[in-house]
S.K.: 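Before we start, here is the structure in question, set down as structure tokens.
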Amino acid sequence: MARFAGKVALVTGGASGIGRAAAIRFAQEGATVFVADLNLAGAEAVVAEIGGGAHAVAVDIADAASNRAMVDAVIAGAGRLDIAFLNAGYYGAAQGLDTVDEALFDRLIAINLKGTFNGIKAVQPVIAQGGAVVVTASAAGVIGHPDNPAYSAAKHGIVGLVKSCVTAFAEKGARINAICPGGVLTPLIGVADVAIIPPGDLARVPLRGMGSAQHVAEVALWLASPEAGFVNGQAQVLDAALLSTFAPVMLPVGP
Ligand SMILES: NC(=O)c1ccc[n+]([C@@H]2O[C@H](COP(=O)([O-])OP(=O)(O)OC[C@H]3O[C@@H](n4cnc5c(N)ncnc54)[C@H](O)[C@@H]3O)[C@@H](O)[C@H]2O)c1
């Protein structure tokens, strides 16, 4: 089945983890894929893994001009843009409120929030009629994350950004949604990427367990597909019920 035959898909953060899994799966489903990443060698490796019909693009999402150049490269290379999976992100060395400083806060906001804004701004003028944008936020974009408040603030910002951009994309006949994964086994948390398998063979994730990059990628593909045509402006949580069943631990707050 080639759900995305004839479609052109852009995936940021495509060199690794969730983006890599999505780039491979979009390509398997027939899309012409542009794999964009700060790590160009990594993007080229994913293009080689795809084995034809894909392209690597260098981008620093924190830089507006770099995002525009990335989208220009897609239009120059393929003539259209149907799907943008704006997924690149940075977690950093998690630091709580006691140790996070202004420089780290700015960096996490610049990559995760401003970077996503830059990507949305760059793709909106050229997104095709019937197109779809999927943006990677996080479960930390809908609940607080005391270990990394700057990251959580950026991901909350992404959810507001996506909801605020629905009208601008609707005017182009396109949709925009966010995904909010819980814990995912990717290089972001020090886990090596694994082979892509038929989606029907993905194991059910145990309650509150960690998902795989491909679990997240499959949801991104669905949101980008016509089958999700009624879904717009949402922040879709995918977390094996982590947020809906979590039993809070009562901590002493003293003094
Ligand atoms: N892994 C998790 O547990 C988890 C959970 C929720 C959300 N997320 C989000 O999922 C997305 C993908 O993360 P992942 O887990 O696959 O991590 P990953 O580290 O495997 O991949 C992230 C990719 O983004 C790229 N990148 C980083 N900064 C960039 C920049 N300025 N410009 C362009 N590319 C840049 C990296 O080079 C890398 O290839 C991120 O937005 C992350 O915040 C991850």
Side-chain angles (χ1 to χ4, degrees), residues 10-25 34-47 49 56-71 73 84-94 106-120 122 134-143 145 147-148 150-159 161-162 178-194 196 205 208-220 235-240 242-243:
L10 167 67
V11 179
T12 70
S16 177
I18 294 165
R20 167 188 166 270
I24 294 169
R25 288 291 295 121
F34 287 76
V35 183
D37 207 289
L38 192 61
N39 174 5
L40 181 60
E44 287 170 342
V46 171
V47 165
E49 206 175 347
V57 187
V59 67
D60 178 358
I61 63 165
D63 178 68
S66 182
N67 284 266
R68 289 193 294 271
M70 168 183 71
V71 172
F85 182 29
L86 303 174
N87 159 81
Y90 175 68
Y91 188 75
D106 285 348
R107 182 164 157 73
L108 284 160
I109 296 294
I111 297 172
N112 291 301
L113 181 53
K114 197 181 81 168
T116 302
F117 166 76
N118 288 337
I120 289 173
V134 180
V135 174
T136 305
S138 172
V142 291
I143 62 164
H145 187 20
D147 290 344
N148 201 340
Y151 178 83
S152 182
K155 294 297 190 179
H156 273 77
I158 288 173
V159 171
L161 188 60
V162 163
I179 52 174
C180 299
V184 189
L185 300 167
T186 73
L188 183 127
I189 61 161
V191 178
D193 280 323
V194 297
I196 303 300
V205 176
R208 295 187 292 275
M210 301 283 287
S212 70
Q214 194 179 343
H215 279 111
V216 181
E218 300 298 344
V219 176
Q236 174 63 59
V237 176
L238 48 154
D239 69 343
L242 179 71
L243 302 192

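Counting starts at 1 for both ligands and their atoms, in listed order.
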S.K.: So, using salt bridge (charged side-chain N to carboxylate O under 4.0 Å, His left out) as the criterion, who are the partners of Glu218 when residues are at least two apart?
M.R.: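 Arg25.
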S.K.: For ligand 1, indicate whether the residue Thr186 contacts it via side chain, backbone, both or neither (heavy-atom separation under 4.0 Å).
M.R.: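 The side chain, only.
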S.K.: Less than 4.0 Å is my threshold; does some heavy atom of Pro181 fall inside it relative to ligand 1?
M.R.: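 Contact check Pro181 vs ligand 1: positive.
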S.K.: Is Ala213 in contact with ligand 1, taking contact as a heavy-atom separation below 4.0 Å?
M.R.: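 No; Ala213 lies far enough from ligand 1 that no heavy-atom distance drops under 4.0 Å.
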S.K.: At under 4.0 Å between heavy atoms, which part of Tyr151 makes contact with ligand 1: side chain, backbone, both or neither?
M.R.: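 Side chain only; the backbone of Tyr151 stays clear of ligand 1.
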S.K.: What about Ile189: any of its N or O atoms under 3.5 Å from an N or O on ligand 1?
M.R.: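 Such a contact does not occur with ligand 1.
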S.K.: Under 4.0 Å, counting heavy atoms only: does Met210 come that close to any atom of ligand 1?
M.R.: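 Outside the 4.0 Å threshold, so no.
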S.K.: With sequence neighbours left out, write down each residue that passes side-chain contact (heavy atoms from CB on, under 4.5 Å) with Val237, or none if nothing qualifies.
M.R.: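 In terms of side-chain contact (heavy atoms from CB on, under 4.5 Å), with neighbours along the sequence ignored, Val237 is linked to Val142, Cys180, Asp239, Leu243.
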S.K.: Atom 31 (N) of ligand 1: which protein heavy atom is closest, and how many Å away?
M.R.: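 Scanning the protein heavy atoms, the shortest distance from atom 31 (N) of ligand 1 goes to Asp60 OD1, 3.0 Å.
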S.K.: Does Ala21 come within less than 4.0 angstrom of ligand 1, counting non-hydrogen atoms of the residue?
M.R.: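 No heavy atom of Ala21 comes that close to ligand 1.
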S.K.: Check whether any heavy atom of Ala137 sits under 4.0 Å from an atom of ligand 1.
M.R.: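 Yes, Ala137 has a heavy atom closer than 4.0 Å to ligand 1.
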S.K.: Please confirm whether Thr12 approaches ligand 1 to less than 4.0 Å, judged on its heavy atoms.
M.R.: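 No heavy atom of Thr12 comes that close to ligand 1.
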